[in-house]
There are 2 protein chains.
Amino acid sequence: MDMTRKLTAAAERLFDRHGYMATGMDRLTEAAGMSSRTLYKHVGSKAQLMARVLTERDRRFMARIEVRSVDALFAALEDWVRVEGTRGCLFLRSSAETGGDTPEIAEAVAAHKAAFHRRIEEVVAADLEREDPVLAEQVLVLLEGATHAAVYRGADAVSAARAAAGILTERART
Amino acid sequence: MDMTRKLTAAAERLFDRHGYMATGMDRLTEAAGMSSRTLYKHVGSKAQLMARVLTERDRRFMARIEVRSVDALFAALEDWVRVEGTRGCLFLRSSAETGGDTPEIAEAVAAHKAAFHRRIEEVVAADLEREDPVLAEQVLVLLEGATHAAVYRGADAVSAARAAAGILTERART
DNA sequence: GCCAATGTAAAACGTTCGTTTTACACTGCA
DNA sequence: TGCAGTGTAAAACGAACGTTTTACATTGGC
């Protein structure tokens with residue numbers, strides 16, 4: 001049994017549900033079913049554990065948005081919130097919780113957001129068959145907005161964003 | 001000199017910059033220039049202090065979006081991020097940090113987001129001279145998205161959202 | 001059969017947490 | 001003159017923090 005994977009999965013769940021700072025190491029060891037000695041041998045520190053969680057989450061999220069149309073981006077987000085729930089963006093949340101002062105976390109967040117932006121530009125380019133950084137920025141804002149509005153508005157926020165993106169994309173096509 | 005106001009202002013700055021959990025009471029008392037005894041006499045607890053911070057921030061933010069057009073909403077947000085910086089939504093952040101388990105905070109956040117949604121519906125209705133809950137939801141998503149995308153994309157995110165809202169509003173007008 | 005690796009359980013590290021308490025100084029109004 | 005109100009400074013509270021250490025059990029390959 002891969003201890004690191006079990007630990008990372010348990011940590012992601014706890015960090016996401018209760019926050020990074022509010023989650024103590026004892027809760028993590030208990031949830032992962034391992035001693036604190038083993039935990040520290042595997043991940044080194046709490047911050048490095050969070051960095052692993054974020055890297056793994058980035059991998060999973062980016063795999064879901066390997067698509068070729070703007071509309072499919074929002075369909076993927078609908079799936080994502082259905083599976084993962086609506087607690088906002090864990091990357092921005094952990095960055096804000098630490099004030100950007102924890103290097104491992106800040107770097108994982110920056111890497112994810114850069115890749116996220118790049119991917120959106122690629123999808124927009126594939127959809128329009130030309131680059132359109134302005135539309136890409138708008139799609140990024142709509143995805144980010146759907147993610148955070150869904151916290152209190154529910155899945156309706158994602159559908160609203162999807163419809164808005166459809167209109168903006170259609171308008172950009174001609 | 002009003003101690004409560006000074007305390008609330010100092011607390012807002014620290015909570016916003018470093019996070020709620022990461023900010024200790026000693027930092028708060030030092031920044032507010034008062035003893036911990038006085039602090040507790042005034043606000044009761046750390047959670048109640050955060051609730052005061054959020055209520056005061058809601059008052060200030062809602063005053064800024066007392067406008068009559070959708071475009072003015074985004075102009076107001078541009079001003080807001082210029083003055084307050086781009087660290088995301090303090091309401092959603094504090095709610096996420098506490099996992100929604102701190103009643104005073106959860107209530108302040110819920111009240112703010114309900115009022116925010118209501119205000120957007122009013123502004124959309126005033127702009128179109130008719131109610132349009134679908135456009136209102138899209139505007140809400142764009143505002144939320146601009147706020148959070150601005151954390152890593154800067155003020156460009158707000159301009160992109162503003163332009164998108166302009167297109168959607170114009171389309172809804174006819 | 002043994003050594004190295006990998007695991008657990010649990011105590012201890014010193015620090016910091018939010019909060020309360022003790023002891024005292026200043027103010028303004030009766 | 002005195003007292004109630006409001007403030008400070010600083011110690012103390014027990015609990016929890018992230019991390020390390022001590023002591024021991026289990027494995028698999030040479």
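Chain letters run A, B, ... following the sequence lines, proteins first, then strands; residues in each count from 1. Remember, it's a predicted structure, so these values are computed and weren't measured experimentally.
- Rounded to a whole Å, the CG atom of Leu14(B) is 12 Å from the P atom of dG18(C).
- Judged by the 6.0 Å distance and 45° axis criteria, Lys46(A) is positioned over the aromatic ring of Tyr20(A).
- Both Asp26(A) and Arg37(A) sit near DNA chain D, but only Asp26(A) has its closest nucleotide nearer the 5' end.
- None of Lys113(B), Glu121(B), His117(B) except one satisfies the side chain to side chain contact (heavy atoms under 4.5 Å, CB included) rule with Leu140(B); the exception is His117(B).
- Atom NZ of Lys46(B) and atom C1' of dT16(C) are 11 Å apart (whole Å).
- Within residues 92-105 of chain A, no residue places a heavy atom under 4.0 Å from DNA chain C.
- In this structure, His148(A) and His148(B) have parallel ring planes: the angle between them is below the 30° cut-off, well short of the 60° mark.
- Protein atom OH of Tyr40(A) is 17 Å distant from nucleotide atom P of dT22(D), rounded to whole Å.
- Atom C1' of nucleotide dG18(C) and atom CG of Leu28(B) are separated by 11 Å, given to the nearest angstrom.
- The separation between Met3(B) atom CE and dG5(D) atom C1' is 15 Å, rounded to whole Å.
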Problem - Residues Tyr40(A), Gln48(A); criterion side chain to side chain donor-acceptor pair (under 3.5 Å); working and verdict - result: CA-CA 10 Å; Tyr40(A) 276 93; Gln48(A) 286 175 63; over 6 Å; no
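- Heavy atoms of other residues, nucleotides or ligands lying less than 6.0 angstrom from CZ of Arg5(A) number 12 at most.
- Between His112(B) and Phe61(B), the ring planes lie perpendicular to each other; the angle is over 60°, past the 30° to 60° tilted range.
- Donor-acceptor pairing under 3.5 Å, judged by distance alone, is present between the side chain of Ser36(B) and the base of dT20(C).
- For Met34(A) and dA10(C), the CE to C1' distance is 17 Å, given to the nearest whole Å.
- Across all strands shown, Thr29(A) has no heavy atoms under 4.0 Å from either base or sugar-phosphate atoms.
- Taking atom CG of Leu39(A) as the reference point, atom P of dT20(D) lies 11 Å away to the nearest angstrom.
- Phosphate contact (OP1/OP2 of dG7(D), side-chain N/O of Ser35(B), threshold under 4.0 Å): absent.
- The distance between atom CE of Met21(A) and atom P of dC17(C), rounded to the nearest whole Å, is 10 Å.
- Side-chain proximity of Ser45(A) to the nucleotides dG7(C), dT19(D), dT8(D) is greatest for dT19(D).
- Panel note: side chain Arg119(B), backbone Met62(B); a donor-acceptor pair is recorded below 3.5 Å.
- Residue contacts shown for Gly44(B) are absent, as no nucleic acid heavy atom lies under 4.0 Å away.
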